[in-house]
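All values below come from the heavy atoms of this structure, side chains included, with hydrogens, waters and symmetry mates left out. Fair warning: this is a prediction, and the values are worked out from it, not measured in the lab. The sequence lines fix the lettering, A, B, ..., with proteins before strands; numbering per chain opens at 1.
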Protein chains: 2
Amino acid sequence: MKATIYDVAREAGVSIAAVSQVINGKGKISGERRAEIIRVMERLNYKPSFIATALTGKNTFTLGLLVPDISNPFFAEIARAVEDRGHHHGYSLVICSTDNDDERVGRYLSLLQQKSVDGIIIGTGIVDRELVESIVAKSIPVAMIARELPGGRIDAVIVDDYAGGRMAARHLLDLGHSRLAVLSEHRKVTSSLERIRGFRDQMTEAGLELPEYLVKASGRDLIQEGKRNAAELMRYAERPTAIFCCNDLLAIGALQAAKEMGVRVPADLSIVGFDNTILTTVTDPQLTTIAQPTEQMGNLVVDLILGKQKVQQPDPVRTVLEPELIVRQSTAELQA
Amino acid sequence: MKATIYDVAREAGVSIAAVSQVINGKGKISGERRAEIIRVMERLNYKPSFIATALTGKNTFTLGLLVPDISNPFFAEIARAVEDRGHHHGYSLVICSTDNDDERVGRYLSLLQQKSVDGIIIGTGIVDRELVESIVAKSIPVAMIARELPGGRIDAVIVDDYAGGRMAARHLLDLGHSRLAVLSEHRKVTSSLERIRGFRDQMTEAGLELPEYLVKASGRDLIQEGKRNAAELMRYAERPTAIFCCNDLLAIGALQAAKEMGVRVPADLSIVGFDNTILTTVTDPQLTTIAQPTEQMGNLVVDLILGKQKVQQPDPVRTVLEPELIVRQSTAELQA
DNA sequence: TTGAAAGCGGTACCAT
DNA sequence: ATGGTACCGCTTTCAA
């Protein structure tokens, strides 16, 4: 059996209050008693129970992280960053893969509340605003990472998706491409929407248009669907010479479609991804992509959410980081 | 503020005992009172606090998972499998990336105990046996996944690493290769050791030897170090014609080294990986690898560890699953 | 300084 | 059937 504060108190011949004092470094304890108590704690290998502590109204030292799928490399990286920063502050991380499924989101959110986590970090694209706000109302700190709640007054640490979209377009435009297409995630995913908006605006400024039929959305299995959608794009009479993919998975699908169809990348087709996951360095050719500073984002959300606990900030904090174009080998000048 | 059982009791004009009854579906309650209580619970949006429940000696409905690094695709997949099965049973998952660092392992293990998790699943290669057994002694269920505690009497769900190593060797031997080399993880990682042993035994049966200098170990950054070690192997006068890599990350490193050195895969060099992560489908050529049934493994450990709670099994359960050779494009017959 | 005691939000036993 | 109450392990007044 695990030792409790009572065991320590008894062994040390003091009250549990005294033990509690030394655990928390509060109150006044004579150096001698304190030393003795510490000795006993070590001898009994005593570690205070977090659940008992939590019940008295203190922290649970647990954070919840909602992501679409932890086995998606991008979110795995986000999770690692969040985990590390949390661990740095003594917190542990509960992972919740939602598959962007409303029901799963609801169940997980409810679960996290019942566990009285000290904060919930949301990286899932599709969430019900009311649900989230009902959580905030219960004064549980909530923050978004890599995603934003449209119209919601929720803290968020995101990358400038719009700027990222522009970057991708500019890069492609600079390379001489004009027939551009887009592979996007589900239409409800705000980050994809923003990326496309930036991409389109940049095109517009160059006097180009991005018709809707050249923007294809994919849902569950991003690589597979991306591949299928890319293949479809390639079959158009006036085939696009470059595709901007709203994430690396989609880009890989495009890459595979091209390979299967005998379309050379980047000679015949340029591809730009988004996220700069480990996958981009593994493909052949390696993927040009827009990088998100995942580690920094992880650090920032955690600090943000942990800070929220203390002071009740009035306005939602919205931290926008700059994306970065990473040029690798999947993009090239348009061949004449 | 969140509603408590007292609020519900007051609103419903009953005792908290009655409310507790309906929550747990126990005891005797007249249908009418029960209905009324349920109504009140819904109106107040009442959800019992897990920490309070846990303090009374029940489950915390939390599982801990130790892995080297959640951003490593293989472990991300394992985590997803474990998470799903846990969620299925109403449990949530705390992720602990240890970096195979003893100190981190210790800290996390201690943390998980303080949180009174209902079970700890260990997928980290390097762990101190005494530490683990001290946990088991506290009657916290522990099980290993994809790794084994050498000599420890701990439940484990693993793949037959030895057989996997043999498979890889047989495949390469069948293709006519005889000059084989190995890229392995840190020498303390038991799974790698077993894979190499199987690989070597199969070679021996074919009358071949695997000298130690053809087995190179890598530590932290597996892709980078794998690349470096592979390059080294390729510089030997009598260069190996095939490399067995103890995981896909190492195989990717080998692939990149080959590409950089102008060595064609699979024409000049065959490469076999291990784990069948998403990465294998993304490389070019796609990687031949030995697959582990991650989903099944996840299901089994969770059921195993949840089962352990109830009955105190006498002997450690050791479930060994069969690996599977997935032939893709990184292996080919030895060119004459 | 030190310790007795009242919670925190439930569970479960025991009277009623 | 129903409710009173003693815990679970710890924090935090408040007296002594």
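- When each of Asp118(B), Leu306(B), Leu63(B) is tested with His89(B) by the rule side chain to side chain contact (heavy atoms under 4.5 Å, CB included), just one qualifies, namely Leu306(B).
- Considering only the side chain of Ile23(A), dT11(D) comes nearest among dT11(C), dT11(D), dG9(C).
- No engagement by Val19(A) is indicated, since no non-hydrogen atom pair under 4.0 Å with the nucleic acid exists.
- Between Thr4(A) and dG9(D) there is no side-chain N or O to OP1 or OP2 distance below 4.0 Å.
- Taking 4.0 angstrom as the limit, Ser15(A) places none of its side-chain polar atoms (N or O) nearer than this to OP1 or OP2 of dT2(C).
- The side chain of Lys26(B) places no N or O atom within less than 4.0 Å of a non-bridging phosphate oxygen (OP1 or OP2) of dT11(C).
- Comparing dA12(C), dA4(C), dT11(D) by their closest approach to the side chain of Ala17(B) singles out dA12(C).
- Residue contacts for Ile16(B): at a heavy-atom cut-off of 4.0 Å it reaches a base atom on one of the strands shown.
- For Tyr6(A) against dC10(D), a side-chain-to-base donor-acceptor contact under 3.5 Å is present.
- For Arg43(B), the CZ atom is densely surrounded, since the number of other residues' heavy atoms within 6.0 Å is greater than 12.
- In this structure, Lys58(A) reaches the dT12(D) phosphate: one of its side-chain N or O atoms is under 4.0 Å from OP1 or OP2.
- Looking at heavy-atom distances under 4.0 Å, Ser20(A) makes contact with a base.
- The 5' end of DNA chain D is approached more closely, in terms of each residue's nearest nucleotide, by Gly13(B) than by the other of Lys47(A) and Gly13(B).
- One interatomic measurement links the two molecules: CG of Asn24(A) to P of dT12(D), which rounds to 6 Å at whole-angstrom precision.
- Rounded to whole Å, atom C1' of dA12(C) lies 13 Å from atom CD1 of Ile29(B).
- For Arg33(A), no side-chain nitrogen or oxygen approaches OP1 or OP2 of dT1(C) to under 4.0 Å.
- Rounding to whole angstrom units, CD of residue Gln114(A) and P of dC8(C) are separated by 20 Å.
- Between the CG atom of Leu44(A) and the C1' atom of dC10(D) there is a distance of 16 Å, given to the nearest Å.
- Between Ser49(A) and dC10(D) there is no side-chain N or O to OP1 or OP2 distance below 4.0 Å.
- Residues Val189(B) and His186(B) meet the side-chain proximity criterion, which asks for heavy atoms closer than 4.5 Å.
- Counting heavy-atom neighbours within 6.0 Å of Glu36(A) CD, excluding the residue itself, gives a total above 12.
- Arg104(B) has a carboxylate O that lies under 4.0 Å from a charged side-chain N of Asp84(A), or vice versa, which qualifies the two as a salt bridge.
- Tyr46(B) comes within 4.0 angstrom of the backbone, heavy atoms only, and of no base.
- With dG9(D), dT2(C), dG10(C) as the choices, the nucleotide that has an atom nearest any side-chain atom of Ile5(B) turns out to be dG10(C).
- Taking the nucleotide of DNA chain D with the nearest heavy atom to each of Gln21(B) and Gly57(B), the more 5' of the two is matched to Gln21(B).
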